[in-house]
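Input: a single structure, listed below in structure tokens.
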Amino acid sequence: MGANAEYVFVGSYTGHTGGEGDGITLLRRDPATGQLTRLGLAARTPSPSFLVQHPTLPVLYAVNELAEGTVSAFAVGPDCALTPLATRSTGGADPCHLAVTADGGHLVVANYSSGSVSVHPLDAEGAPGERTDLLTLTGSGPNLERQASPHAHMVVPDRNGPDVLISDLGSDRVWRSRLDPVSGRLGSPEPAVEAKPGAGPRHLTHSADGVLFLAGELSGTLGWYRAAGGPTLEAEGEVAASEATGAVYPSEVTTGRDGRFVYLANRGPDTVTTFGWDGESAVKVAETSTGGIWPRHMILIAEYLYVANQRSHNVTVFRVDPDTGIPVAQGEPTAELSPTCLLRWNPPMIRL
């Protein structure tokens, strides 16, 4: 593998949860054209539906989205080979998202079905230990089928402090909890965002000036919220995720490098909607077919957008027009079985 090569790991659903994937696979990315080349299976592990890397160590983490959830850690070699480090119980059901704190000291994991968040200390090699906490959320929403109980869908540690945001599809809230770096325990959660009833908060991201964008999985919307001096962010606006008729289930939300555009992936219509962002409001610019079915996740790398289409078993590539922000399809999709997450591998500058 060349020194200047770039790589993308792909998480998937395996047969353990009704998918057809084998585990974590590896793709090579051509920086000049954006095209992907499949290199094969990197690790066989059950339903690694979401992946993340350590901020300073060559370690990759995956949730294992099972009824008795686990998290697995792998050392990443110079050739992107994965060597298992540890697998730990999350104490919850169907973990679907995870993140490493900015100081690299802890791994936090969102257990979707049980509505809880587990905390795992990381040792000097980045291996996770047994959990130091299991925070169980409370609350429900008006959608009796999907919101009878809490459903933690995303965990976002603050880059500059101990706070952790927890997106809860079940209670229509984004919670804020404080992680004690010594004990590894989370404080009592307080609402950071109170979304509209039935919104079903899924994933979130921040603009450069601190605005929080929130994908409403159940309401089919993109909402945005801003700090206003109190503990709860104030709702500033909301827009429909898609103009398609029928059910729309937004999945991933991300922003362009210069902050002028926001992108929302939509399952159902199988599109990515581009919104222009002027610092105050999001205005739809375009809605583009993903070239696949059920876009569960997407990432931006330089001027290219990559979309994991879970049910059509492929990853599609788009070049984002720098002026309009609109993604334009590039080449043929890359075949991947039940892809659920894309992780650009950034070789860390290891601290010696």
Side-chain angles (χ1 to χ4, degrees), residues 50-57 59 61 63 71 90 95-112 115-122 126 128 131-137 150-169 171-195 201-215 223-236 252-255 257 259 262 277 279 299-300 341 343-344 346 348-349 351:
F50 207 88
L51 312 174
V52 72
Q53 76 173 88
H54 192 282
T56 58
L57 298 172
V59 179
Y61 305 93
V63 296
V71 61
T90 66
C96 62
H97 193 267
L98 75 173
V100 181
T101 55
D103 63 4
H106 290 88
L107 182 71
V108 287
V109 186
N111 294 303
Y112 178 81
S116 60
V117 176
S118 64
V119 182
H120 303 263
L122 300 177
R131 63 182 181 276
T132 51
D133 201 7
L134 184 64
L135 175 68
T136 300
L137 305 174
H151 294 304
H153 219 312
M154 188 179 197
V155 281
V156 183
D158 193 307
R159 295 180 181 178
N160 302 303
D163 287 355
V164 178
L165 294 180
I166 307 162
S167 182
D168 180 1
L169 181 144
S171 73
D172 291 320
R173 290 185 174 94
V174 176
W175 301 96
R176 180 187 287 110
S177 179
R178 179 155 294 189
L179 177 63
D180 186 319
V182 177
S183 67
R185 296 187 62 83
L186 289 163
S188 297
E190 297 180 350
V193 167
E194 298 202 29
R202 182 183 173 93
H203 280 197
L204 62 89
T205 191
H206 288 91
S207 69
D209 61 351
V211 170
L212 184 149
F213 296 107
L214 185 62
W224 53 97
Y225 303 79
R226 194 188 301 269
T232 303
L233 304 182
E234 289 191 358
E236 289 210 332
E252 184 67 15
V253 58
T254 190
T255 58
R257 287 183 298 169
V262 182
W277 175 253
I299 57 172
L300 274 165
C341 178
L343 175 67
R344 178 190 189 184
N346 293 306
M349 297 295 292
R351 296 172 182 169

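In what follows, residues are counted from 1 in the order of the sequence shown. Atom set for the values below is all heavy atoms of this structure, side chains included, hydrogens, waters and symmetry mates excluded.
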- Message: Once ring-ring contact (aromatic ring centres under 6.0 Å, His included) is applied, do any residues pair with His97, and if so which ones, sequence neighbours excluded?
- Response: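 So His97 forms a ring-ring contact (aromatic ring centres under 6.0 Å, His included) with Phe50, His203.
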
Contacts of Tyr112 meeting ring-ring contact (aromatic ring centres under 6.0 Å, His included) (sequence neighbours excluded), chain-then-number -> His151, His153

Tell me every residue that passes salt bridge (charged side-chain N to carboxylate O under 4.0 Å, His left out) with [X], counting only those two or more places apart in sequence or in another chain.
X	result
Arg173	none
Glu234	none
Arg176	Asp163

Restricting to side chain to side chain contact (heavy atoms under 4.5 Å, CB included), what partner residues turn up for [X], sequence neighbours left out?
X	result
Ser207	Asp209, Val211, Phe213, Trp277
Ser116	Asn111, Ser114, Leu134, Thr136
Ala152	Ala110, Val117, Leu137, Ile166

If you measure from CG on Leu214 to CH2 on Trp224, what distance do you get to the nearest 0.5 Å?
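One gets 12.0 Å once the value is rounded to the nearest 0.5 Å.
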
For a 4.5 angstrom cut-off between non-hydrogen side-chain atoms, does [X] reach [Y]?
X	Y	answer
Val119	Leu179	yes
Leu51	Val63	no
Asp168	Val174	no
Val108	Leu98	no
Val100	Pro55	yes

Donor-acceptor check, side chain of [X] to backbone of [Y], threshold 3.5 angstrom: yes or no?
X	Y	answer
Tyr61	Gly126	yes
His106	Leu122	no
Ser167	Arg202	yes

Looking only at heavy atoms, which two atoms of [X] and [Y] are closest? And how far apart?
X	Y	answer
Leu300	Thr255	CD1-O, 3.4 Å
Met154	Leu204	SD-N, 3.3 Å
Pro157	Ala99	CD-CB, 3.5 Å

Sequence neighbours excluded, the answer for side-chain hydrogen bond (donor to acceptor under 3.5 Å, both in side chains) partners of Thr101 is Asp103

Sorted by chain and number, sequence neighbours left out, side-chain hydrogen bond (donor to acceptor under 3.5 Å, both in side chains) with His120 holds for Ser118

Only distances under 3.5 Å count here; give the side-chain donor-acceptor pairs of residues 185-194 to other protein atoms, sequence neighbours excluded, each with its distance to 0.1 Å.
residue : atom : partner : partner atom : Å
Arg185  : NH1  : Thr132  : O            : 3.4
Arg185  : NH2  : Asp133  : OD1          : 3.4

Problem set entry | side chain to side chain contact (heavy atoms under 4.5 Å, CB included) between Val155 and Val109, worked out | CA-CA 7 Å; Val155 281; Val109 186; 5.9 Å; no

